[in-house]
Number of protein chains: 2
Amino acid sequence: MHGEIAPGQSLTLRGIGADFGVSMTPAREAIRRLSAEGALTMSSSGRVSTPELNNERIEELAALRSLLEVELASRALPRAHIALIDRLQSINARVAEDIARQDAVAYIRRNLEFHRTLYLRAQAPAMLAMAETVWLQLGPTMRALYGRLRRKDPPHFHRLIIAALKAGDEPSLRLAVRSDVTQGLRMLVG
Amino acid sequence: MHGEIAPGQSLTLRGIGADFGVSMTPAREAIRRLSAEGALTMSSSGRVSTPELNNERIEELAALRSLLEVELASRALPRAHIALIDRLQSINARVAEDIARQDAVAYIRRNLEFHRTLYLRAQAPAMLAMAETVWLQLGPTMRALYGRLRRKDPPHFHRLIIAALKAGDEPSLRLAVRSDVTQGLRMLVG
DNA sequence: CATGCACCCATGTGATCACAAAATTCGCTC
DNA sequence: GAGCGAATTTTGTGATCACATGGGTGCATG
């Protein structure tokens, strides 16, 4: 999910088991679970690797993020009190630090933490789980994107999200979330 | 997914293995996968059972169905030619038969086949997979619903969906799908 | 030097086992 | 007869093994 593994990297049961000091069995179960969520692809022979997404698939997953996360943000809005907004702002500050440090993995993790913190307030666990499944599928690809894109600016749309939350402005919030979610992936496709 | 198992039914690895004539290992992997998709719940001790959904969860899953399936139908619309509509109509006729026979499992299966046939045209595999995940989570509960509800009428909203497809009318299609998806679950909650 | 083939090693699958923990059942006591 | 505790059975977990298969490497041949 955090882009620590590059797209197309192949994984073996015995290798994962050795990495974590366990036998094949727990590694198998973990891989089975991740495959079920679409985070790993299994070849016909049962070999697993992180997916290499084509542009169509990336656009589809971006559309899914947009659908799910706009709804989650919308549901979180009425419950978003000042304490939550403060936390979002502090997370956002750390996002800026990660960008300054050019640490792609930390940036992705913190960015997702920003989103998850907001969506937790939606009180919609199934919906949040689906959003996280999409994140999982995009993880390796996002790393490839943000590793390439060497930007310095702190995330613009995060500020818009926070502003819309403060104002209690649902249409603006929906637009800001959609923009934030789509923006990064749009340039990966382009 | 088809409601063959009642909500809250507990399953054991050895039992499933025996049912399918295999050892625990394949049963374990299947259960792990289904748990990852939310189709089964695991207790802290690792025991698995089909979920018993409360009203909040049902409403959330209905909202997810609405979000995903409206989008899928909308994407399928431009590609929906007459051959597809014919197939939908013939599936719909068999849905009516299943209702007449009071066969809940067959009805659920056929109803989902109707939806899947339409959504396949959307060419959005990740989105369809998420919709099917929601179906999986609702399976046992849907059975409990349709087993209770002893209705005789063929599905009204399916006709509206077909009519909207024929007319190429996207707003009507979106409304019809949302209604069809929400209708059944609304009375389960109520 | 390229290409095809054969061999070998790596890898996933299903089965079985030992073990620990939890649930159920049985019996005892009040 | 009801409640509680101990014993037994059930059940999930992790490990290990045999086996089949697919991939990769290296060698031989044109």
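Every value quoted in this text rests on a predicted model; they were computed, and no experiment measured them. Within every chain, numbering begins at 1; the chains are lettered A, B, ... in the order of the sequence lines, protein sequences first and strands thereafter.
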Rounded distance (Å) that lies between atom P of dT11(C) and atom CG of L13(A): 9 Å
For H158(B), all residues meeting ring pair (Phe, Tyr, Trp, His ring centres under 6.0 Å), sequence neighbours excluded: F114(B), H115(B)
Contact state string [nucleotides 14-25 of chain D, B base, S sugar-phosphate only, - no protein heavy atom under 4.0 Å]: BBB-----SS--
Linked hydrophobic residues, I5(B) as query - side chain contacts closer than 4.5 Å: none
Touch class at under 4.0 angstrom, heavy-atom based, for I31(B) against every strand present: nothing
Set of residues satisfying side-chain contact (heavy atoms from CB on, under 4.5 Å) with respect to L84(A), sequence neighbours excluded: A80(A), L88(A), T117(A), L118(A), R121(A)
Residues forming a side-chain contact (heavy atoms from CB on, under 4.5 Å) with Q89(B), sequence neighbours excluded: I85(B), D86(B), I162(B), K166(B)
Touch class at under 4.0 angstrom, heavy-atom based, for I16(B) against every strand present: nothing
Donor-acceptor pairs are to be reported for all side-chain atoms of residues 15-22 of chain A against protein atoms at under 3.5 Å, with residues two or more places apart or in another chain.
none

